[in-house]
Undergrad: 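After the structure tokens below, expect a handful of questions from me.
Any value given below was found using the heavy atoms of this structure, including those in side chains, with hydrogens, waters and symmetry copies removed.
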Amino acid sequence: MSDVEEAITRAHHDEWARVVAALTRRFGDLDIAEEAAAEAFATAVERWPADGVPPNPGAWLTTTANRKAIDRIRRESKRDDKHKEAQMVYDDPPEPLGAIDDDRLRLIFTCCHPALAMEARLALTLRMVGGLTVPEIARAFLVAESAMGQRITRAKAKIKAARIPYRVPAAEDLPARVAAVLTVLFLVFNEGYLATGPDTDPVRHDLTAEAIRLTRLIRALLPEDGEVAGLLALMLLTEARRPARVSASGELVALDEQDRGAWDATLIAEGHRLVRERLAAAAAGVAPGRYQILAAINAVHTSARDIRDTDWSQVLALYDQLVRLDPSPVIALNRAIAVAELDGPEVALAAVNRLEHTLAGYHAYHATRADLLRRLGQSQQSRAAYDKAVNLAGNTAETAYLTRRRDQLR
């Protein structure tokens, strides 16, 4: 990849949400914002190789996108007042990038409005804020690309028809609205933590960093909200392990094989502090939520200097608590991994097999079965499970890891 191509890729990672958010605030239309932003990046692809990368790529993209948006308004407008409105906006100089950071938070609350179905909120935020392509989002949701494109289009149309405001909700409305936002941010983080697209980096630090930044902003708005603190702690403790998660050859490194000395001690310390705060609240009678329990599980893992030092009984106790709160099959699958460490792979395999009817299309289900079957010496069945996991996994690093594990059974 050339230097210019790298600059364009980096600009898309860094500036997409800023450009879309700024245009949304200015024009009040997500369609215009998204299309103008896409046109601006397409123009960069065309012009930067010849003209050179501008000193401030974000400002260049914002200015170009504004002009593209105004050109579209002019083309579609048949009334003089619309033309005057466009001209007035055109003459208004773009704001400096530092002034539009919080617009991304406004954009998230707009995309996560309760008038939209949950699936639409997640998809729209991944597209408008995360900058993921429709194919990437479709893979994340395990649906067809055409269906995902229609879902996003309908969501934007509903925002326009319902006149959903582009703003952070009032203080009294924030608690009710924040749960959906946290769900979206968690999904954005997960897409960065283990990217689904085969043509993207296996770990997308731009998305994990953006999810953490926005979660910090929400924590500033709701400092007493336990789930906001829990999600932030969960993200920090997960992000801390990123330097050790992919090998130099591009293969995923499992938790038990990671170099724990490469983990980010600063992020771990901050995450542990947040978990201790929430444990103190729980001791005072405040029941922890899903994110707080997940953060506590990660705190146990990141407290162990070696995989053999992991307190698996504590991990299992936390999963037992989490299953009562969130009896999803994915949580049950993760609980079975802890069961394997305490009660053996045979007991865990029986628990995993009971999840087949709900998780047959989930690569991690087959990868977990493959590992348990391998540990039980059932190599043929293990290889078959690895084959299914490899076929379903979209992440390149994960695919490389699963392929190697499968081939070791020959």
Side-chain angles (χ1 to χ4, degrees), residues 4-111 113 124-134 152-153 155-157 159-161 163-168 206-207 210 213-214 217:
V4 174
E5 288 174 327
E6 286 187 12
I8 292 172
T9 299
R10 186 167 57 252
H12 186 271
H13 287 170
D14 295 344
E15 307 297 345
W16 171 267
R18 286 191 176 98
V19 174
V20 172
L23 294 176
T24 301
R25 177 167 52 81
R26 176 161 288 177
F27 297 102
D29 189 300
L30 288 175
D31 272 324
I32 289 176
E34 180 189 4
E35 292 182 15
E39 289 181 18
F41 279 98
T43 302
V45 171
E46 177 185 334
R47 289 176 50 181
W48 288 8
D51 299 345
V53 179
N56 189 334
W60 188 97
L61 289 163
T62 302
T63 300
T64 303
N66 269 286
R67 290 171 177 162
K68 298 289 185 183
I70 290 158
D71 288 344
R72 172 179 164 169
I73 291 172
R74 284 172 166 168
R75 288 194 304 268
E76 295 180 355
S77 175
K78 296 181 180 179
R79 296 199 299 262
D80 287 342
D81 58 340
K82 286 290 185 181
H83 179 86
K84 291 176 182 176
E85 177 184 344
Q87 185 62 46
M88 181 174 62
V89 174
Y90 183 88
D91 291 338
D92 187 22
E95 295 187 33
L97 287 180
I100 65 174
D101 279 356
D102 286 352
D103 278 341
R104 286 179 287 184
L105 187 59
R106 295 186 181 94
L107 184 61
I108 281 189
F109 276 109
T110 300
C111 294
H113 197 277
L124 189 61
T125 304
L126 284 171
R127 174 65 189 135
M128 302 303 294
V129 183
L132 275 67
T133 64
V134 172
I152 293 172
T153 298
K156 290 188 291 187
I159 286 174
K160 182 184 294 185
R163 299 182 180 276
I164 291 175
Y166 175 63
R167 64 168 183 258
V168 175
D206 58 306
L207 289 181
E210 180 69 3
R213 190 195 74 84
L214 291 171
L217 281 176

Undergrad: Would you indicate whether the side-chain heavy atoms of Arg104 and Leu214 approach each other to under 4.5 Å?
TA: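 They are in contact (side-chain heavy atoms under 4.5 Å apart), so the answer is yes.
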Undergrad: Taking all heavy atoms of Pro49 and all of Ala44, pick out the closest pair and write down the distance.
TA: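 Reported closest heavy-atom pair: CD-O, 3.7 Å.
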Undergrad: Could you pull out all residues at least two apart from Arg47 that satisfy side-chain contact (heavy atoms from CB on, under 4.5 Å)?
TA: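 Applying side-chain contact (heavy atoms from CB on, under 4.5 Å) to Arg47 gives Thr43, Asp51, Trp60.
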Undergrad: Applying side-chain contact (heavy atoms from CB on, under 4.5 Å), can you list everything that pairs with Val168, at least two apart in sequence or on another chain?
TA: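 Per chain and number, Val168 pairs via side-chain contact (heavy atoms from CB on, under 4.5 Å) with Leu105, Arg106, Phe109, Leu174, Leu221.
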Undergrad: side-chain contact (heavy atoms from CB on, under 4.5 Å) with Ile152: which residues, sequence neighbours excluded?
TA: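 Applying side-chain contact (heavy atoms from CB on, under 4.5 Å) to Ile152 gives Ala123, Leu124, Arg127, Val134, Ile137, Met148, Lys156.
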Undergrad: What distance do Trp48 atom CH2 and Glu46 atom CD have between them, rounded to the nearest 0.5 Å?
TA: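 One finds 13.0 Å between CH2 of Trp48 and CD of Glu46.
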Undergrad: Taking ring pair (Phe, Tyr, Trp, His ring centres under 6.0 Å) as the test, write out the residues that go with His113, two or more places apart.
TA: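 Counting only residues at least two positions away or on another chain, His113 forms no ring pair (Phe, Tyr, Trp, His ring centres under 6.0 Å).
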Undergrad: Which heavy atom of Trp16 sits nearest a heavy atom of Val129, and at what distance?
TA: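 Closest heavy-atom pair between Trp16 and Val129: CD1-O, 4.1 Å.
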Undergrad: State the CG-CD distance between Leu61 and Glu15, to the nearest 0.5 angstrom.
TA: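 That separation rounds to 6.5 Å.
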Undergrad: Quick one, Val19 and Thr64 - any side-chain contact, counting heavy atoms below 4.5 Å?
TA: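 They are not in side-chain contact.
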Undergrad: With heavy-atom distances below 4.5 Å as the criterion, would you say the side chains of His13 and Arg10 are in contact?
TA: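 No, every pair of side-chain atoms sits at 4.5 Å or beyond.
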Undergrad: Between atom CZ of Arg74 and atom CZ of Arg67, what is the distance when rounded to the nearest 0.5 Å?
TA: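 The distance works out to 11.0 Å.
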Undergrad: Going by side-chain contact (heavy atoms from CB on, under 4.5 Å), name the residues that satisfy it together with Thr110, two or more places apart in sequence or in a different chain.
TA: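 Once residues adjacent in sequence are excluded, the partners of Thr110 under the side-chain contact (heavy atoms from CB on, under 4.5 Å) criterion are Ile159, Ile164, Tyr166.
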Undergrad: If I compare all heavy atoms of Val20 with all of Ala33, which pair ends up nearest, and what's the gap?
TA: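 Heavy atoms of Val20 and Ala33 come nearest at O-CB, 3.7 Å.
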Undergrad: Apply side-chain contact (heavy atoms from CB on, under 4.5 Å) to Ile32 and Arg72, showing your working.
TA: CA-CA 8 Å; Ile32 289 176; Arg72 172 179 164 169; 4.0 Å; yes
Undergrad: Please report the closest heavy-atom contact between Ala11 and Pro57, naming both atoms and the distance.
TA: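 Here Ala11 and Pro57 meet closest at CB-CB, 4.4 Å.
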Undergrad: State which residues pass side chain to side chain donor-acceptor pair (under 3.5 Å) with Asp29; sequence neighbours excluded, sorted by chain then number.
TA: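 Side chain to side chain donor-acceptor pair (under 3.5 Å) list for Asp29, sorted by chain: Lys160.
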Undergrad: Say you draw a straight line from CD of Glu35 to CG of Leu23; how long is it, rounded to the nearest 0.5 Å?
TA: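 Spacing of CD (Glu35) from CG (Leu23) equals 11.5 Å.
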Undergrad: Using a 4.5 Å cut-off on heavy atoms from C-beta on, say whether the side chain of Leu107 contacts that of Leu30.
TA: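 Yes, side chains in contact.
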